[in-house]
Amino acid sequence: MEIDKIIHEPARLRIMMILSGVDEADFNFLLSTLGLTNGNLSRHIEKLELAGYVKISKTFRGKLPNTSYQLTKKGSKALTGYWENLNVIRRTGRV
Amino acid sequence: MNSKHNNKSQDQNTERLKEIPKWTRKYAQNRTLTILVLMAMAMLFSMFVAVLVGFPLGLAAIGFWKGNMVLGCVGIAVLVAILIVLVISISKFISKFGGKNRGLIDQLIEQRIYGKEGTASMPLPKITKKMRGLDYLLGAICLIYMLGVNSLCMMGYVAFKYLQPLLALYIVPAFVFEYFLLRPKVGPVVLICPILYTIHAILILAGVPIFFTGNLGILNMPVPLIGYSFLAYVIGHLYSRYALKKLKCLAHPEGDTADGD
């Protein structure tokens with residue numbers, strides 16, 4: 001039983017939990033909600049995107065650029081699997 | 001003992017984390033400040049147009065009634081000029097914010113209002129062409145029904161007292177239908193409007209005098225509808241603030257490493 005290390009990191013877990021509740025959220029929302037620095041948040045999202053858990057969309061709102069993020073199907077499955085594995089480990093104490 | 005305490009603490013932490021999606025959703029569904037601003041802008045614009053058109057129209061009416069043809073013609077001329085300017089202005093507005101730019105004004109207002117807070121949004125509902133057609137049809141029927149009931153009141157067949165309860169017969173189910181059509185984009189807070197509208201109608205039928213009479217009787221149509229809609233959106237906005245506060249409490253990570261590993 002393996003814990004997904006990509007998701008297990010506290011900030012990334014919270015990013016994925018936020019994205020699992022909505023259709024999409026933009027960079028500013030994640031930044032203001034999580035209380036991370038710009039660089040920190042960007043690095044965490046980069047890791048999640050490389051793992052295929054998060055999809056990035058760059059659009060314009062009026063004339064201003066906007067970057068928004070969505071949880072992918074793979075990410076959603078991985079998150080569900082993460083909680084299931086964590087429950088099993090907690091119950092049995094086995095890794 | 002220490003291990004038991006750690007397990008309990010971990011369980012509590014897990015429960016807290018599992019609440020994050022719920023509060024994010026509640027926040028996203030109740031971001032109604034943009035709608036409130038648009039409603040306020042629409043009301044102010046309507047009042048402005050009413051005054052702009054009403055003044056020369058009144059002037060013309062008085063002129064013709066008193067036999068003052070000059071005043072009457074001046075009033076008509078000013079009214080025509082104002083209507084031409086209004087038509088041109090509205091056309092320019094529609095060309096800038098309508099068509100392929102639809103939604104642009106919402107985005108601009110949202111950017112201005114929410115700014116640094118950012119955006120989180122729920123998915124748009126999957127509405128089939130049939131459902132959309134039905135929605136438009138129900139909207140058209142609603143308009144005809146409202147005009148019909150209003151006409152009955154103005155012609156004296158129905159007392160103005162019963163205008164709101166009669167409108168509630170169609171408007172309340174229409175509102176509920178719209179809610180189920182727009183879920184999960186909107187939250188249940190929008191149902192506050194039809195609930196209050198129903199209570200208002202029942203109270204009128206029970207004899208409570210919460211209606212306009214005489215020359216103001218026509219206000220029984222827009223005032224409760226706009227008033228309760230406004231109230232529902234204000235409550236939605238306040239709830240979204242509460243949801244965001246809860247979310248920030250839950251979402252601030254502890255002991256995060258600086259390099260993001």
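Quick caveat: nothing in here was measured; it's all calculated off a predicted structure. Numbers restart at 1 for each chain; the letters A, B, ... are given by sequence-line order, proteins then strands.
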Problem - Residue pair A:L34 / B:A251: nearest heavy atoms and the distance that separates them - result: CD2-O, 3.3 Å
Completion exercise
Residue from B:K22, B:E117, B:R25 scoring the most non-hydrogen pairs under 4.5 Å with chain A is B:E117
Practice task
Take atom CZ of B:F177 as the centre, draw a 6.0 Å sphere, and report whether it contains more than 12 heavy atoms from other residues, nucleotides or ligands.
Solution key: yes
Practice task
Would you please test A:E24 and B:T119 for side chain to side chain contact (heavy atoms under 4.5 Å, CB included) and show each step?
Solution key: CA-CA 8 Å; A:E24 62 175 25; B:T119 307; over 6 Å; no
Exercise for the section: Over all heavy atoms of both residues, which pair between A:R14 and B:N13 is shortest? Give the atoms and the distance, please. Expected result: NH2-OD1, 4.4 Å
Exercise for the section: List in chain and number order the residues that pass ring pair (Phe, Tyr, Trp, His ring centres under 6.0 Å) with B:Y145, two or more places apart in sequence or in another chain; answer none if no residue qualifies. Expected result: B:Y170
Completion exercise
The side chain to side chain contact (heavy atoms under 4.5 Å, CB included) partners of B:L137 (sequence neighbours excluded) come to B:I141
Exercise for the section: May I ask you to test the A:R90-B:T14 pair for a side-chain heavy-atom distance under 4.5 Å? Expected result: yes
Handout entry: Interchain contact, A:N66 with chain B, by part (heavy-atom threshold 4.5 Å)
Key = neither
Handout entry: Distance-minimising heavy-atom pair for A:M17 and B:P21
Key = O-CG, 3.4 Å
Exercise for the section: Below 4.5 Å from any heavy atom of chain B, which atoms of A:I15 appear? Answer side chain, backbone, both or neither. Expected result: neither
Practice task
Please state whether the side chain, the backbone, both or neither of B:Y27 comes within less than 4.5 Å of a heavy atom of chain A.
Solution key: side chain
Problem - Side-chain heavy atoms of B:W23 within contact of A:T33, under 4.5 Å - result: no
Completion exercise
Closest non-hydrogen atoms of A:V22 and B:T24, given as atom of the first, atom of the second and distance, are CG1-CG2, 3.6 Å
Fill in the blank from the handout: Honestly, the part of B:E110 sitting under 4.5 Å from a heavy atom of chain A is side chain
Completion exercise
B:K248 and A:S32 have their tightest heavy-atom pair at CE-O, 3.3 Å
Practice task
For B:R112, look at atom CZ and say whether over 12 heavy atoms of other residues, nucleotides or ligands are found less than 6.0 Å away.
Solution key: no
Exercise for the section: Flag yes if more than 12 heavy atoms outside A:K77 fall under 6.0 Å of its NZ atom; otherwise flag no. Expected result: no
Fill in the blank from the handout: Counting heavy-atom pairs under 4.5 Å with chain B, the top scorer among A:G39, A:G21, A:S68, A:S42 is A:G21
Problem - Any A:W83 side-chain heavy atom under 4.5 Å of B:L17 side chain - result: yes
Exercise for the section: Might you confirm whether atom NZ of B:K18 has over 12 heavy atoms from other residues, nucleotides or ligands at distances under 6.0 Å? Expected result: yes
Completion exercise
Here the pair of heavy atoms bringing A:G35 nearest to B:H252 is CA-CE1, 3.6 Å
Problem - Polar side-chain atom of A:D26 near backbone of B:G118 as donor-acceptor pair, under 3.5 Å - result: no
Exercise for the section: Measure distances from B:K26 to the heavy atoms of chain A and classify the residue's part below 4.5 Å as side chain, backbone, both or neither. Expected result: neither
